[in-house]
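We name chains A, B, ... by the order of the sequence lines, and we start the count at 1 in each one.
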Amino acid sequence: MSTNGKVVAAFEELAVLSEILGENAFKVNALRRSARTLEALTSDVCAMEKSALLAMDGIGASTVAKIQEFAASGTMQELVDLRARVPAGLTQLLQIQGLGPKTVRAMWTDLGIENLAALKASIDSGAIAKLPRMGPKSVENLKEGIAFLEQSRGRIRIGEALPIAEALVAELGALPSVQRIAYAGSLRRGRETIGDIDVLAASTDASALMERFRTREDVAKVLATGETKTSVLTKHGIQIDLRVVPLDRFGSAWLYFTGSTDHNIRLRERAISQGMRLNEYGLFPAGEDGSIAEGTLPVASVEEADIHAALGLQWIPPTMREDRGEIEAFAIGVEAPCVIQQSDIRAELHCHTVASDGGMTIDEIIANAQARGFHTIAITDHSKGQAQANGLDETRLLAHIDAIHAARARFPAMQIWAGSEVDILLDGALDYDDKLLAKLDWVVASPHAALKQDPQLATARMLRAIRHPLVHVIGHPTGRIVNGRPGLELAMDELFAAAREHNTALEINAQHLRLDLRDADVRGAVNAGCMIAIDCDVHSSEDFGELRYGVLTAQRGWLSASQCLNAMDAKALNAWRMQKR
DNA sequence: GCCGTTTTCGGCCCGACTGTTTTCAGTCG
């Protein structure tokens, strides 16, 4: 785990342990917020100046002292103390749905339950019923919560969740009684993983809609169902919540259920400071005491943008709603950031043909790109070190370059470049010599091996590739797999500075398994002034469809079209290419 | 634990749902 990862984990653990010990909930929240804030950093938190840390919202003297203690000693005394007081097995109990810190604490102090096995035993023996407020229904729910935890898949990748949500929205949206329907939550915000799918609908016949939702073929279990909310578990182990709201309150509900929680809190604070109250039913004028009088009509509730406007804000894209400065950036009168849209993308600069490990021929891949309205494609098969991917040796590469250039006659409207995805070797050298690289129109340099390399060596390795005068783009810079492997631990700020200095672009690999760079690192790169490439790393025709995940990640990093290679016009892109030739 | 254009102390976003109560605590998003 990276140093920052360890500090973030320490604050999260402090929050959980404090919660079990019955600490003030606001303190627990503050600890969690510190963890989330630090998680978004791209520089080494232990090397940061005290003033820079304190300048961040939600980071105070106590948090800084803990960070400095960790930097000096590799630990935090308070964490050591709390671990000594709380049995390790209790934190797992908090993951059970419906079981919170108060009940876990009571289980521990009243019944001596210290882990999941002991909890199950107390359920079997009936001892659990001795706890206050623990009636038969609660015990039943506890059993189900444990069963769900043991079969839960945890957070699923966005590339799995988004198609499911879209299909569901299309299916239910086709019902005549459904007036409006959309997905919300972290899925709408474009997070790389999703806990559950939230769908929001307005309907003239809510009970029929709920009935249809409950009885879909894909549903394995109905977790809860009522007038306004139904939760189901699908056969693939994914929880889907459907909420029904009045049509004229759809905007406020959509805003509310899209989140993030931290963003919602900021919006509500803003409403209060302007003499209003915000909830899922709308933005309301508040009385003298701050309450909403019975029967008060909302100032805004139909569309999200109405509510934003009434709060003195421009509409904020969902991907940016993470309490990372977006509320200040979108105030009316401020020139708001204009994030990139999928329609801005006009080039694919990283793809593989049958020459290495792709499924399409040169002509097929170009035709695909052309059909998508692209003006440029760079074909970048693997270099010789990728033997398992049928990487090209020097002889094959020279013939491949000729074959790609020959395709230009057949696709006169397209700008077609012969490139390579060349391996960055362990010491940062490239897998082809410079003479051969110079013959290529386009060079993507990527790490594929030794992805557990020592952080200092890994950083030096990547810096050497960034500084190479013939390299255009660094492909999937960390080599991570979402929910799979962490990838290289890199000093990102050093990479950004070098990429800016040498005018080497950094890739957002759009494959939902990769999303590399991740969102927070995109933000760091954007702030450092780096150029970004959003590429699908195409191996098959369907891979072009991964673009949406790359764009969502780019938006989460506040990338504008002006900093994205794939959004340039053909001439400008070629001019950018030529500065490396 | 954090924070301050009334405050350096005393607040801190908001409502729904559930199951357990005899008026509400706990959990969730």
Side-chain angles (χ1 to χ4, degrees), chain A residues 11-12 14-15 18-20 22-38 53-67 76 78 93-107 129 131-142 144-145 184-189 194-200 223-231 239 241-245 249 252-274 276-284 286 290-292 311 321 323 327:
Chain A
F11 278 99
E12 276 167 359
L14 279 172
S18 304
E19 198 169 36
I20 293 173
E23 263 290 0
N24 178 323
F26 295 104
K27 174 178 171 176
V28 174
N29 256 339
L31 288 165
R32 291 226 159 88
R33 185 156 182 237
S34 291
R36 284 195 297 272
T37 302
L38 298 175
L53 289 167
L54 283 172
M56 290 185 284
D57 245 8
I59 304 291
S62 170
T63 298
V64 172
K66 289 191 182 78
I67 292 170
M76 296 177 193
E78 188 174 338
L93 301 189
L94 278 178
Q95 290 166 23
I96 298 169
Q97 277 202 21
L99 190 54
K102 300 271 172 59
T103 315
V104 167
R105 181 172 165 75
M107 286 171 173
L131 288 180
R133 312 187 68 83
M134 187 60 68
K137 283 284 256 190
S138 294
V139 174
E140 202 49 44
N141 286 342
L142 196 49
E144 287 189 6
S186 54
L187 181 58
R188 185 168 177 236
R189 298 202 312 280
I194 308 302
D196 53 26
I197 296 174
D198 290 307
V199 177
L200 192 64
L223 300 170
T225 185
E227 276 291 292
T228 61
K229 179 185 168 183
T230 294
S231 295
Q239 183 175 332
D241 296 347
L242 173 65
R243 290 183 169 82
V244 179
V245 299
R249 306 297 171 94
S252 47
W254 206 16
L255 188 65
Y256 172 78
F257 287 114
T258 298
S260 67
T261 302
D262 286 345
H263 174 87
N264 284 348
I265 290 172
R266 293 287 160 264
L267 282 184
R268 286 172 186 195
E269 288 172 350
R270 190 177 176 94
I272 290 170
S273 73
Q274 297 177 5
M276 296 184 282
R277 305 283 281 199
L278 176 63
N279 59 34
E280 57 264 52
Y281 302 106
L283 179 66
F284 295 88
S291 69
I292 306 168
L311 290 170
R321 299 179 193 167
D323 188 25
I327 291 181

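- Nucleotides B:dG1 and B:dT5 have their C1' atoms positioned 24 Å apart, rounded to a whole Å.
- In this entry the base of B:dT21 is anti relative to its sugar, with a glycosidic angle more than 90° from 0.
- Pairing partner, B:dT8: none, since no Watson-Crick or wobble contact has both distances short of 3.5 Å.
- In this structure, the CG atom of A:L311 is 16 Å from the P atom of B:dC13, given to the nearest Å.
- A:S260 places a side-chain N or O within donor-acceptor distance of the main-chain N or O of A:H263, the cut-off being under 3.5 Å.
- Using atom C1' as the reference point in both B:dG4 and B:dT8, the two lie 8 Å apart (nearest Å).
- Residue-level contact check: A:P132 touches neither bases nor backbone, having no heavy atom under 4.0 Å from any strand.
- Residues passing the side-chain hydrogen bond (donor to acceptor under 3.5 Å, both in side chains) test with A:T63, sequence neighbours excluded: A:S34.
- Residues from residues 263-271 of chain A placing a heavy atom under 4.0 Å of any atom in DNA chain B, listed by number, are A:I265, A:R268, A:E269.
- In terms of the side-chain hydrogen bond (donor to acceptor under 3.5 Å, both in side chains) criterion, A:Q274 has no residue partners (sequence neighbours excluded).
- Among the atoms of the strands shown, only primed sugar atoms or phosphate atoms (P, OP1, OP2) are found under 4.0 Å from some heavy atom of A:Q97.
- For A:S18, the side chain to side chain contact (heavy atoms under 4.5 Å, CB included) partners are A:E23, A:V28, A:L31, A:L82, not counting sequence neighbours.
- Atom CG of A:L278 is separated from atom P of B:dC13 by 13 Å (rounded to the nearest Å).
- Listed pair A:S138 / B:dT18 fails the phosphate criterion, with no side-chain N or O lying under 4.0 Å from OP1 or OP2.
- A salt bridge (Lys or Arg N to Asp or Glu O under 4.0 Å) with A:E19 holds for exactly one of A:R105, A:R32, A:K102; it is A:R32.
- Taking atom CG on A:N141 and atom C1' on B:dG26, their separation rounds to 13 Å, with Å as the unit.
- Within the nucleic acid shown, A:S62 comes within 4.0 Å of sugar-phosphate atoms alone, with no base atom in reach, counting heavy atoms only.
- When the P atom of B:dC24 is taken as reference, atom CE of A:M134 falls 21 Å away, rounded to whole Å.
- Remark: A:T261 is not in phosphate contact with B:dC13, judged by side-chain N or O atoms under 4.0 Å from OP1 or OP2.
- For B:dG1, one of the phosphate oxygens OP1 or OP2 lies less than 4.0 angstrom from a side-chain nitrogen or oxygen of A:K66.
- Separating the C1' atom of B:dT18 from that of B:dT23 is a span of 15 Å, rounded to the nearest Å.
- Every side chain to side chain contact (heavy atoms under 4.5 Å, CB included) that A:E144 has, sequence neighbours left out, goes to A:K221.
- In this structure, the side chain to side chain contact (heavy atoms under 4.5 Å, CB included) partners of A:N24, at least two apart in sequence or on a different chain, are A:F26, A:K27.
- Residue A:L187 holds its CG atom at 4.5 Å from CD1 of A:I194, rounded to the nearest 0.5 Å.
- Note on A:T228: only backbone sugar-phosphate atoms sit closer than 4.0 angstrom, heavy atoms only; bases stay farther off.
- Annotation: B:dC17 and B:dC12 have their C1' atoms spaced 24 Å apart (nearest Å).
- Take A:R33 and apply the salt bridge (Lys or Arg N to Asp or Glu O under 4.0 Å) test, not counting sequence neighbours, and it matches A:D323.
- For B:dC14 and B:dT20, the P atoms lie 30 Å apart once the distance is rounded to whole Å.
- On the C1' atoms, B:dA16 is 28 Å away from B:dG10, given to the nearest whole Å.
- Residues meeting the side chain to side chain contact (heavy atoms under 4.5 Å, CB included) test with A:D196, sequence neighbours left out: A:D198, A:Q239, A:D241.
- Of the inter-residue distances, the one linking A:Y281 atom OH with A:R249 atom CZ reads 9.5 Å to the nearest 0.5 angstrom.
- Nearest-nucleotide positions on DNA chain B place A:Y281 closer to the 5' end than the other of A:Y281 and A:D196.
- Judged by distance alone, with hydrogens and angles left aside, A:Y256 brings no side-chain donor or acceptor close enough to the base of B:dG15 to form a pair under 3.5 Å.
- The separation between A:M276 atom CE and B:dC13 atom P is 17 Å, rounded to whole Å.
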Exercise for review: Indicate for each nucleotide in nucleotides 3-11 of chain B, in 5' to 3' sequence, whether protein heavy atoms under 4.0 Å reach the base (B), only the sugar-phosphate (S), or nothing (-).
Suggested key: S--------

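- Along DNA chain B, the nucleotide closest to A:A30 and the one closest to A:K229 are compared, and the more 5′ of them pairs with A:A30.
- OP1 or OP2 of B:dC14 has at least one side-chain nitrogen or oxygen of A:R277 nearer than 4.0 Å.
- Taking the C1' atoms as reference points, B:dC3 lies 10 Å from B:dT7, given to the whole Å.
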